[in-house]
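As structure tokens, the structure follows; a few thoughts come after it.
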Amino acid sequence: MNFFVDSFFAAFRLIGTGDAELLKIVEVTLSVSSLATVFASAVGIPMGFLIAHSQVPGKRAVITVLNTLLALPTVVIGLFVYVFISRRGIFGPLDLLYSQEAMVIGQFILIVPLIAALTIAAVSRVDARYQKTARTLGANGWQTALVILREARFAISAAVISGFGRVISEIGISMMLGGNIKGFTRTMTTAMALEYDKGSFTLAVALGVVLMTLSLGINIIFNLIQGKSSR
Amino acid sequence: MNFFVDSFFAAFRLIGTGDAELLKIVEVTLSVSSLATVFASAVGIPMGFLIAHSQVPGKRAVITVLNTLLALPTVVIGLFVYVFISRRGIFGPLDLLYSQEAMVIGQFILIVPLIAALTIAAVSRVDARYQKTARTLGANGWQTALVILREARFAISAAVISGFGRVISEIGISMMLGGNIKGFTRTMTTAMALEYDKGSFTLAVALGVVLMTLSLGINIIFNLIQGKSSR
Amino acid sequence: MSLYQLQHLQQRFAKKTVLDIDELTIEQGCIHALLGPNGAGKTTLLNILAFLESPVCGELAFQGKRVDYAKGNILSLRRQVVLVDQHPIMFSTTVRANIEFGLKIRKIDGATRNRVVDEVLETVGLARYKNARADALSGGETQRLALARALALEPQVLLCDEPTASVDAENQAVITELLRTINREQATTIVFTTHDRLQAATLAQHTLVLENGQRVNTTYENSYACTFEPTSGDKDRYLLHGVVELYLSAENRKSGQGGRGRITLNPESIRLVTDLRESPPVCSQVQGRVVMMMEEGHTIRVVVDVGVLMVVLMLADDYRQQNPAIGQQVCVAVPDSACSWTTAC
Amino acid sequence: MSLYQLQHLQQRFAKKTVLDIDELTIEQGCIHALLGPNGAGKTTLLNILAFLESPVCGELAFQGKRVDYAKGNILSLRRQVVLVDQHPIMFSTTVRANIEFGLKIRKIDGATRNRVVDEVLETVGLARYKNARADALSGGETQRLALARALALEPQVLLCDEPTASVDAENQAVITELLRTINREQATTIVFTTHDRLQAATLAQHTLVLENGQRVNTTYENSYACTFEPTSGDKDRYLLHGVVELYLSAENRKSGQGGRGRITLNPESIRLVTDLRESPPVCSQVQGRVVMMMEEGHTIRVVVDVGVLMVVLMLADDYRQQNPAIGQQVCVAVPDSACSWTTAC
């Protein structure tokens, strides 16, 4: 076990000294995941809100489809996006394969259903009396929507955070669409999975510590916010 | 795009004719994931039930820790298990690395918190009046627990299904602990992620179709059961 | 002047008719009580009067004009009416912001808003909570704040769903008096639902009773489980809840055999007789003690414990003549025509 | 014989005292009503009587023996008492299985179980639903099924939380009569909570009133918002809700200035005077109309509309002497000693 203990100390030293390769990997991961989360929120939150508040008969079906898409494996999304952006695909000329843009697209697809579904849940959990109260006090449709959004603000933030937590820890999409190119598309998860037995074990452990700290931290924030919303 | 269209047709032919390699991969995936789910349920359900019904002051903290563990990235779990079972680890002599057993262990760790957390949610959602009613009708602690379990049966089944859905679509653990050894530890996700651009694109698409069908099917069942439980 | 006029108005949810009102008028400037058991359609009616729901059919006129449910139109109608829920909900902001909400929407300027907030908080006695979180108030205070939030908008009509059902005795008195004051000082039309007949009778000028979504004259409580058996004479013996005997003409039923079912006695058709030595009964009589009397519109509601509780509605003249007292032994005369009978299924 | 005896019993949740009872006795074989506003501690008391909660301090004796909250002991006590919730919940099985649950737990054999199920379903009139899903019944039927489920166990004590609050008039009558029958035929002790004074007065032999977790003689409803101002004489002028004038001795307050607050009039100390020409008043009087009268234990509760509603509790003798009638103009005499005053904070 000495080897592992040594590796752990080396890993902490790597984190402590701010190793350039480690920082680059973390930076790539965070920037790709943040972009994907921002775009997915911009689409998923309004989508969820509209679905939750539409009165159309197919609503239940749409929600079921969304919930089903939550289970879409990352590798399936990777393959799907690959078909479009590979050199032989429709968007092949844009040369997106093995780029950060490709990863953002894949991760975006991964969490749009998640954010939309959590937004639906968040909005539905807002007591119907808020809507009724806003309307009887004279609010129009738009003003009523703002009231509901305000009451759901904690749960919707939690949805966004949850989406971010999902993308920073996913590996299928990053690997298939990013390709683990050092300094460019290498993320924490791909580096850990593919490099650890090729000699960069210390780096893998360091990345594991950073990733775990990040995702646990995010989850703690998520839980705090959830707790606040269910007050 | 012709290439992809052709690949799709070839993939469906592969599925239709019951290609041996395809079947083997699906079989490995299902047997590893099923085992992991069974073990995780055996531990997670009682754990969740006990946590939900304990009156100790630290309960909220335990639930927060569990919820936090939900976010544990697969690659972190992979690395963690690797430390113990690699040839240099404590359990090295058991020679578990790159075996189905190793994958089961990793996946077990992945979904125990999930199943436990969903069980807690399921049990907590059972109206407190069921417990009160059972007790006033003369039930002892054990009989009261059975009443609650009966009322939560749909939601608990949903928890198990959800765990299974999570493990069949995960890739980090299978890759790091299984190693993608053909006919032995190669699962649907690892095969898709690692083989598609090494010439087995048709197989990747075929696996994608099977995996998607499986996980969407599971999710539909999950949603049906959830719907039933919230009746 | 009539403010609302409803005609042949129906509301259905999931194919079930929850409201079916032939005709109803709400008078401007009056307090109306809406009485009836749970599930009778009281809340649905309030929602329709608040323009929050549109009925599936029938006509609703407001201020003499037929209500047009087009989007732009309904909003301006809705701004003249405020509904206060049974369990009012507060936006998760301050007390002040809750009251300002409706004013901001109506584009009232800041200075006026400030003045109005102070005024209405003073009226409901919550001035000290102005900057407190609105969702931290107690039940009774929340109810008063909800009234303040409504009052700030100076509505034509104030609709209150069970305004005093969930508050303690002290807040009940405060809220009742508030409703009276609002009606008196601002001529606001008020419609409120209640379970409490006394509250309805003392607070409102008009009382409407709903049952199963329909208007009725009074709620028929005199409904009893009952067995009957033929006797040798031309009367059948009815046994209410196994304790009270009634002899009714055999015409009421078809079969010659005994049976079980329910009997309902119309409280307007049964009569109270205080003089027990009165002329020989022409119809079945039961004896009991008077346990409650109260004013109900133009009638007096008298409850007699004859083994089961029996409600008799007396006209004022008849009441004065009989002059029953609480605790007094009296007779209830039950003519055949007052009874309706349903066989158990 | 006393079945329960409570002494200095307290219950607290999150440091808040919700129940604080000095002394309380529940008589064996009697029906007890528990009256009081929401949040007064009624449900908490029922939970304690059902041995579902243990009080934080104080003593509870059952059948003459001090209750020992050790695990094995409490289960056998709990099996002698059944609590029926306000909104009873049914296990998601059949009607029959719901009733059998408690019997199976008590290891009753199958033949007996069958007989008991049939009997109790017959009693509550739900025999036709024996094999139906229990959670598909209506509110009133659920309440009756919950009673049947309790009756099947032949408990010593039946505790009912608001048994008729959520059901329609017809089911109300059925349930009231059921409780009477159970008490009469099986000598089951019954404790039920209610908001309905009349129900309490007519159904129960004993009525207990709770307010803020404590036993009181009656709920004090005569609580009014009020302003006062000094006059030139030795009396202050009090104005209740801006409409009713009272002149009370200046001794009640310290400051020489006017102010605002609340005034509470003890309904047992204020008096009703029907003869308006009676001797000159020795204390402040207000005039009003009698709107309700009812029996309440050994007293008669008279509600007078003097601008606000005022409750007067009259002793039976006094009531007979004054003999007030509904609608009559009367005086309410308010002696200084009946008033308690709190300045607004």
Side-chain angles (χ1 to χ4, degrees), chain A residues 1-4 7-8 60 63-64 67-76 78-80 82-84 86 88-90 92 162 165-166 168-172 175-176 179 188-194 196-197 201 204-205 207-209 211-212 214-220 222-224 226-227, chain B residues 1-4 7-8 60 63-64 67-76 78-80 82-84 86 88-90 92 162 165-166 168-172 175-176 179 188-194 196-197 201 204-205 207-209 211-212 214-220 222-224 226-227:
Chain A
M1 284 305 273
N2 263 344
F3 167 73
F4 294 109
S7 298
F8 263 90
R60 269 266 13 115
I63 293 178
T64 305
N67 280 334
T68 305
L69 289 179
L70 286 184
L72 221 52
T74 51
V75 287
V76 170
L79 193 67
F80 176 77
Y82 173 84
V83 167
F84 286 92
S86 85
R88 286 178 287 200
I90 293 177
S162 171
R166 178 84 183 89
I168 66 164
S169 62
E170 78 79 30
I171 168 171
M175 194 158 62
M176 291 175 75
M188 294 196 273
T189 52
T190 54
M192 281 176 70
L194 298 172
Y196 76 110
D197 52 359
F201 186 78
V205 172
L207 286 170
V209 170
L211 179 56
M212 204 168 76
L214 267 174
S215 47
L216 299 196
I218 286 170
N219 218 266
I220 287 170
F222 174 83
N223 278 305
L224 286 180
Q226 279 284 42
Chain B
M1 283 303 273
N2 262 344
F3 167 73
F4 295 110
S7 297
F8 263 89
R60 268 264 17 114
I63 293 178
T64 304
N67 279 336
T68 305
L69 289 179
L70 286 183
L72 222 51
T74 52
V75 287
V76 170
L79 193 67
F80 176 76
Y82 174 84
V83 167
F84 287 92
S86 84
R88 288 178 284 200
I90 293 178
S162 171
R166 179 84 183 90
I168 65 165
S169 62
E170 78 79 30
I171 169 169
M175 194 159 62
M176 291 174 74
M188 294 196 274
T189 51
T190 53
M192 282 176 68
L194 297 173
Y196 74 111
D197 52 358
F201 186 78
V205 172
L207 285 170
V209 170
L211 178 57
M212 204 169 76
L214 267 174
S215 48
L216 298 196
I218 286 169
N219 217 266
I220 287 170
F222 174 84
N223 278 304
L224 286 179
Q226 280 284 43

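Order of the sequence lines fixes the chain letters, A, B, ..., with proteins taken first and strands second; residue numbering starts at 1 for each chain.
Chain A forms the most heavy-atom pairs under 4.5 Å with one residue out of B:T189, B:I171, B:N67, and that residue is B:N67. Each of B:G208, B:S7, B:A71 has some count of heavy-atom pairs under 4.5 Å with chain A, and the biggest count is that of B:A71. When the candidates B:T74, B:T64, B:L79, B:I168 are compared by the number of heavy-atom contacts under 4.5 Å with chain A, B:L79 comes out ahead.
Distance check, rounded to the nearest 0.5 Å: OG of B:S215 to CG of A:L70 gives 11.0 Å.
Between A:M175 and B:A193, the closest heavy-atom pair is CE-CB, 3.4 Å.
Interface remark: A:F201 contributes side-chain atoms only to the contact with chain B (heavy atom separation under 4.5 Å). Only the side chain of A:L194 comes within contact range of chain B, judged by heavy atoms closer than 4.5 Å. The contact between A:V205 and chain B is made by backbone and side chain atoms together, counting heavy-atom distances below 4.5 Å. Both the backbone and the side chain of A:L216 come within contact range of chain B, each with at least one heavy atom under 4.5 Å from a heavy atom of that chain. B:T190 does not touch chain A: none of its heavy atoms, backbone or side chain, sits under 4.5 Å away.
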Next on the checklist: A:V76 vs B:M192, test: side-chain contact (heavy atoms from CB on, under 4.5 Å). Steps then yes/no.
Outcome noted: CA-CA 8 Å; A:V76 170; B:M192 282 176 68; 4.1 Å; yes

